[in-house]
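So the structure is just underneath, and the comments pick up after that.
Fair warning: this is a prediction, and the values are worked out from it, not measured in the lab. Within every chain, numbering begins at 1; the chains are lettered A, B, ... in the order of the sequence lines, protein sequences first and strands thereafter.
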2 protein chains.
Amino acid sequence: MRGWTMGARRGRVLELAVLGLLYQAPMHGYELRKRLDLELGTLRAFSYGSLYPCLKEMLRKGHISQTEQSDEEVHGRRPRIVYRLTDPGHDHLHRLLTEVAPAASDDECFGVHFALFGHTRSDVRLRVLHGRRDRLRGRLADLRHHLADRAPAVLTSDGYPHELHRHDAECVEREIGWLDGLIEREEHRAGTAKRPDLPPAG
Amino acid sequence: MRGWTMGARRGRVLELAVLGLLYQAPMHGYELRKRLDLELGTLRAFSYGSLYPCLKEMLRKGHISQTEQSDEEVHGRRPRIVYRLTDPGHDHLHRLLTEVAPAASDDECFGVHFALFGHTRSDVRLRVLHGRRDRLRGRLADLRHHLADRAPAVLTSDGYPHELHRHDAECVEREIGWLDGLIEREEHRAGTAKRPDLPPAG
DNA sequence: TCGTTCATGTAACGCGTTACATGATTGC
DNA sequence: GCAATCATGTAACGCGTTACATGAACGA
């Protein structure tokens, strides 16, 4: 069984999402899985086959701790295993959100990072937003270049790839516009609000 | 029913994409990889570490054949290994595009299926488009339900998840609108054009 | 001559999934 | 009683990736 043991490389969406959820409140595994579905940026439902081994690994690394519910908390029900963030886990979350930020331009990572923006500094947020926008601009350039080559051929014989790329380019354009607005607001807030959440980098 | 185990699970994007590209023209591995980047729906660049083992497996199954370029074709250059679709491979492609169509509502699969619409019958196209739209409608309902619960909280303390979901819902809405248009056109074509590509289902 | 692109691969690993187990609790 | 959901896991596998090799052809 060679997978699964070594340290956190890029990606690692599930771990980050779990840290983010447990930052908000302690939870047991089953509820974590439910919340992963909608709460976070990723609308994807992770399976228990991913979640429980992940929790086990996080326990081993000391990022979370597990406690059984006491008899008072459980009113006749079976006690559940509640996980909560430890101090090292909290540090780890913070480190992931700041240091790993460049990798957050990745499609799947960005959503989770963005959803956890509340726990980050303004400069980190701007870095992630800019990274995402740059990436999308590159993709848009590729798409336009590719669209310019091909014939228009509106869905007649085989304009399907062309139509797909046209629609994709439209989506990317709109997301760039969305990011423009977010960046502007973020910069304005950074200039006026004297960072309400955390002190500047030291 | 979990007896869905054997053969083509969902996913399997790479194999489908390669079949689709080789359907258009014979190619060698390096060119396949380049084309996978932009030609197909998926803008993702598959790595050689995926591509060459995949080609090997497809050879083993007899879906493609390889031939070295002859001395006449190669003008001083090193001869390259050219892959081409066999008749069983062609059948397999057709089967994937029709039978496995329901799974094509998946985010990543849909793009490739759509790009290959030129090789399918009108009824299959409509089935895929409807499947995709239904899936997106479900997601939109989830998003709206989730958005209705939460406070508006426009980006003040922690409105980031809310803003993310709002933007996501907007994107999903637009894609549904796009699909509406495609479905309408497809139905119109099916009604008038006497199916230009293939005879109706038997 | 030297870096870049072309061209073809293999080994090891990453990050998940589905299928398989197991049992308690809730609602009809 | 019996099904659905809650709740916790393990084993085997899927479908890719990165890193590692290797070498020929091309342009500055």
Q. Between D:dT10 atom P and A:E57 atom CD, what is the distance in whole Å?
A. 13 Å
(Q) Can you confirm if the NZ or CZ of A:R33 lies within 45° of the ring axis of A:Y48 and under 6.0 Å from the centre of its six-membered ring? (A) yes
Q.
Rounding to an integer number of Å, can you tell me how far B:L14 CG sits from D:dC15 P?
A. 10 Å
**Q.** Rounded distance in Å - CG (A:L16) to C1' (C:dG16)
**A.** 16 Å
Q) Of all the choices, D:dT5, D:dG16, C:dC6, which nucleotide is nearest to the side chain of B:Y30 once you look at every atom? A) C:dC6
Q. Among D:dG16, D:dG9, C:dT17, which is the nearest nucleotide to the side chain of A:F46?
A. C:dT17
Q) What's the closest nucleotide to the A:S47 side chain, out of C:dT18, D:dG16, C:dG9? A) C:dT18
**Q.** Candidates D:dG9, C:dA7, D:dT17 - which lies nearest the side chain of B:R80
**A.** C:dA7
Q. Do B:H92 and B:E15 have side-chain N/O donor and acceptor atoms under 3.5 Å apart?
A. yes
Q | Test item: A:T86 side-chain N/O and A:G62 main-chain N/O as donor-acceptor pair under 3.5 Å | A | yes
Q: Please tell me if the side chains of B:H162 and B:H165 come closer than 4.5 Å, counting only heavy atoms from C-beta onward.
A: no
All N/O contacts under 3.5 Å from nucleotides 2-4 of chain D to the protein, with atom names and distances to one decimal?
none

(Q) Run the salt bridge (Lys or Arg N to Asp or Glu O under 4.0 Å) test on A:E173 and A:R144 for me, step by step, so that the C-alpha distance in whole Å, both residues' side-chain angles and the decisive distance to 0.1 Å come before the verdict. (A) CA-CA 11 Å; A:E173 271 178 29; A:R144 280 185 175 153; 2.7 Å; yes
Please output the side-chain donor-acceptor pairs of residues 177-184 of chain A that fall under 3.5 Å, not counting sequence neighbours, one pair per line with the distance.
residue, atom, partner, partner atom, Å
A:W178, NE1, B:E163, OE2, 2.7
A:D180, OD1, A:R133, NH1, 2.5

Q. For B:Y160 and A:R125, does a side-chain donor sit closer than 3.5 Å to a side-chain acceptor?
A. yes
Q. Is B:R78 paired with B:E68 through a side-chain N to carboxylate O contact shorter than 4.0 Å?
A. no
**Q.** A:L51 vs B:H28, nearer the 5' end of DNA chain C by closest nucleotide
**A.** B:H28
Q: To the nearest Å, give me how far apart CZ (A:R12) and C1' (D:dT17) are.
A: 15 Å
Q | Atom-to-atom span, CE of B:M27 to P of C:dT8 - whole angstrom | A | 12 Å
Q: Report yes if at least one side-chain N or O of B:Y52 is closer than 4.0 Å to OP1 or OP2 of C:dT8; otherwise report no.
A: yes
Q) When the distance from OH of B:Y48 to P of C:dT5 is rounded to whole Å, what number comes out? A) 12 Å
Q: Take atom CG of B:L55 and atom P of C:dG9, then tell me their distance rounded to the nearest Å.
A: 8 Å
Q) What nucleotide among C:dT10, C:dC15, C:dT8 has an atom nearest to a side-chain atom of B:P53? A) C:dT10
Q) Is any side-chain N or O of A:K56 closer than 4.0 Å to OP1 or OP2 of D:dT8? A) no
Q: Under 4.0 Å between any heavy atoms, over every strand shown, what does A:G29 touch: base, sugar-phosphate, or nothing? Just pick one.
A: sugar-phosphate
Q: Ignoring the backbone of B:R78, work out which of C:dT25, C:dA7, C:dG16 is nearest its side chain.
A: C:dA7
Q | Interatomic distance, A:K34 NZ vs D:dT5 C1' [rounded to whole Å] | A | 10 Å
